[in-house]
Amino acid sequence: MSDIINAKAVKRILLTLAAGGAVGFCLLLLVYAMPTERMIQNATASIEIFTREGIYPETVYGYRATTLDNYTDAWMIRNAIYNGDEPLLERCLNVYFYGYTHEETKDVCESLVAYLQGMQGYERISYNEYWHGYLIVLKPLLYFLDYGDIRQLLKSVALALVIAVSVLMERRHMARYIPAFIAAMVCVEFSTIGMSMQYTSVFIIALAFCVFLLRKYPETVQDCSISIVFLIIGMCTSYFDFLTYPVFTLGIPLMMWVLLARAPGQRESMPVKMPVLAFAHCAYWAVGYAGMWSLKWLLYSVLMGKNLIAVGIRSVLYRSGRDVMGEQIGYLETLSENIGVLAKYPFVLACAVAVVFLVFFHRKEKDNASKQVLLTFIFIAALPFLWYAASMNHSYIHAHMTYKDMSVSVFAGLCAMTEFMKLIKRRT
């Protein structure tokens, strides 16, 4: 543990955070310098999608897991097409958009459509608490493509990543764990990925870093190097994501690291210290996630002369609190809301099929079992439930998307089952 957290490691963390913040800010300045006329044209070509579907359509009625977040996607497009004449720095930091205070246009989709159709009475509003890093991708895409085109493109990228991870797992002799990974992809409701830009950032970040680990391990075997990777994952999550299912970007790559680290031929001492290392990687991810967010608040406060730090802290306290529209909710209610989204026959069936395949693949396996690996799997499976405890307000209100974090529990839980089976087999 001392080789992960020491003075040198702290210096690396601070330098990585500073570099990440600088690069992220410069990229936003770059895309904010782009002209918006063609973006507005392509946004206008997307009106029918928002008009037909509304804010939270279910692609399969009665399945909350299939809920699309057109509400936030419309907001993202509003941010992308803002064409005010304020200085570049001000636009970049304040993330302005045009909105309405009229009762009939408080729906974000209706507000976007009204603006694009030329309705008067709009006002300039700021949404400055987030980095809104997705704009470095959305603005260029919207310059060439409409919303429907972007959906199709993102779906293709997401599918390509799932295939890439599966192929690389097979090449790294991890094929026996692919059923658990596929079950997790089913439970995250893959059909919504790409259809909602809001959901896609987290998914792409998680699987892209899985590809990185699967390709580069063991070149990155040093504990401090892996921890820095998780620091960067946390930073990317904070930079690109609104606040969807962030634990996915921690849990899925962390599972890949465990499966790689415990493979035959790796360091013999790795399984012994694996729970400690996994905890350290989680801590690095959390520092990256919170640190990157804090950098935005600090940068804004210094450059704009307004205290965004206090506003951000109030927002965090609200989202982590128990108040939901004037009523006090508890952890069990939050947990019930999220589990209820996943408690559907298709998801249960996917997990059951995965169990059958896992039992078949592992029944003749001679791989050494490890209690430490089992404990690590259990720890990772618990991460979403710890997140729900830390963000009760948000996880209760937005259970239709925060439930996706439980795909981490599915992946880790199925792998824990196979490890437990091997331990039992070894005893008999």
Side-chain angles (χ1 to χ4, degrees), residues 4-5 9-10 12-25 27-28 72 128-136 198-210 212-213 224-257 277-300 308-309 311-321 379-380 382-395 398 401-402 404-408:
I4 300 178
I5 302 175
V10 171
R12 291 186 68 185
I13 290 171
L14 294 176
L15 287 174
T16 304
L17 280 170
V23 171
F25 184 52
L27 289 173
L28 282 170
T72 306
N128 54 19
E129 294 175 31
Y130 294 87
W131 273 100
H132 297 277
Y134 59 84
L135 289 173
I136 69 171
Q198 158 82 329
Y199 300 152
T200 309
S201 297
V202 160
F203 189 87
I204 290 178
I205 290 168
L207 267 67
F209 275 98
C210 285
F212 171 81
L213 289 172
C224 56
S225 297
I226 288 290
S227 291
I228 290 296
V229 170
F230 281 95
L231 176 77
I232 294 171
I233 295 174
M235 291 168 62
C236 289
T237 306
S238 180
Y239 182 73
F240 285 99
D241 186 36
F242 263 107
L243 185 58
T244 54
Y245 52 112
V247 173
F248 187 84
T249 69
L250 169 61
I252 300 298
L254 193 60
M255 280 299 301
M256 289 299 168
W257 168 77
L277 292 175
F279 181 82
H281 299 336
C282 290
Y284 269 73
W285 180 93
V287 170
Y289 185 74
M292 192 68 175
W293 217 333
S294 301
L295 274 177
K296 169 59 191 290
W297 300 344
L298 179 62
L299 191 65
Y300 183 93
L308 187 61
I309 297 175
V311 175
I313 291 174
R314 284 197 296 269
S315 180
V316 169
L317 292 175
Y318 173 70
R319 286 304 188 186
S320 61
F379 167 68
I380 296 173
L383 290 175
F385 302 100
L386 297 174
W387 178 264
Y388 297 149
S391 60
M392 281 194 287
N393 169 281
H394 181 264
S395 298
H398 300 291
M401 63 181 171
T402 58
K404 294 178 186 291
D405 279 325
M406 284 194 290
S407 58
V408 173

Closest approach of [X] and [Y], non-hydrogen atoms and distance?
{"X": "Phe248", "Y": "Pro253", "value": "O-CD, 3.7 Å"}
{"X": "Pro384", "Y": "Val408", "value": "CG-CB, 4.1 Å"}
{"X": "Thr16", "Y": "Met235", "value": "O-CE, 3.3 Å"}
{"X": "Tyr284", "Y": "Ala9", "value": "OH-CB, 3.4 Å"}
{"X": "Tyr245", "Y": "Met401", "value": "CB-O, 3.7 Å"}
{"X": "Ser320", "Y": "Ala390", "value": "CB-O, 3.0 Å"}

Step by step, would you call Thr402 with Trp387 a side-chain hydrogen bond (donor to acceptor under 3.5 Å, both in side chains)? CA-CA 10 Å; Thr402 58; Trp387 178 264; over 6 Å; no
Counting C-beta onward and ignoring hydrogens, is there a side-chain heavy-atom pair between [X] and [Y] closer than 4.5 Å?
{"X": "Asp241", "Y": "Tyr130", "answer": "no"}
{"X": "Thr237", "Y": "Trp285", "answer": "yes"}
{"X": "Phe385", "Y": "Met406", "answer": "yes"}

Tell me whether the centres of the aromatic rings in Tyr239 and Trp293 are closer together than 6.0 Å.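 They do not qualify: ring centres at least 6.0 Å apart.
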Using the benzene-type ring in the case of Trp, are the ring centres of His132 and Tyr134 under 6.0 Å apart?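 Between Tyr134 and His132, which both carry aromatic rings, the centre distance is below 6.0 Å.
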Distance from [X] atom [atom1] to [Y] atom [atom2], nearest 0.5 Å?
{"X": "Tyr199", "Y": "Thr244", "atom1": "OH", "atom2": "OG1", "answer": "9.0 Å"}
{"X": "Cys236", "Y": "Ile204", "atom1": "SG", "atom2": "CD1", "answer": "12.0 Å"}
{"X": "His394", "Y": "Tyr388", "atom1": "NE2", "atom2": "OH", "answer": "11.0 Å"}
{"X": "Ile232", "Y": "Ser227", "atom1": "CD1", "atom2": "OG", "answer": "11.0 Å"}
{"X": "Cys210", "Y": "Leu254", "atom1": "SG", "atom2": "CG", "answer": "10.0 Å"}
{"X": "Leu277", "Y": "Ile226", "atom1": "CG", "atom2": "CD1", "answer": "10.0 Å"}

Donor-acceptor pair, side chain of [X] and main chain of [Y], under 3.5 angstrom:
{"X": "Ser407", "Y": "Lys404", "value": "yes"}
{"X": "Trp131", "Y": "Met292", "value": "yes"}
{"X": "Trp297", "Y": "Glu129", "value": "yes"}
{"X": "Ser395", "Y": "Met392", "value": "no"}

Which of these passes side chain to side chain contact (heavy atoms under 4.5 Å, CB included) with Asp405: Val202, Val247, Leu250, Thr249?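 Per the side chain to side chain contact (heavy atoms under 4.5 Å, CB included) rule, the option paired with Asp405 is Val247, out of Val202, Val247, Leu250, Thr249.
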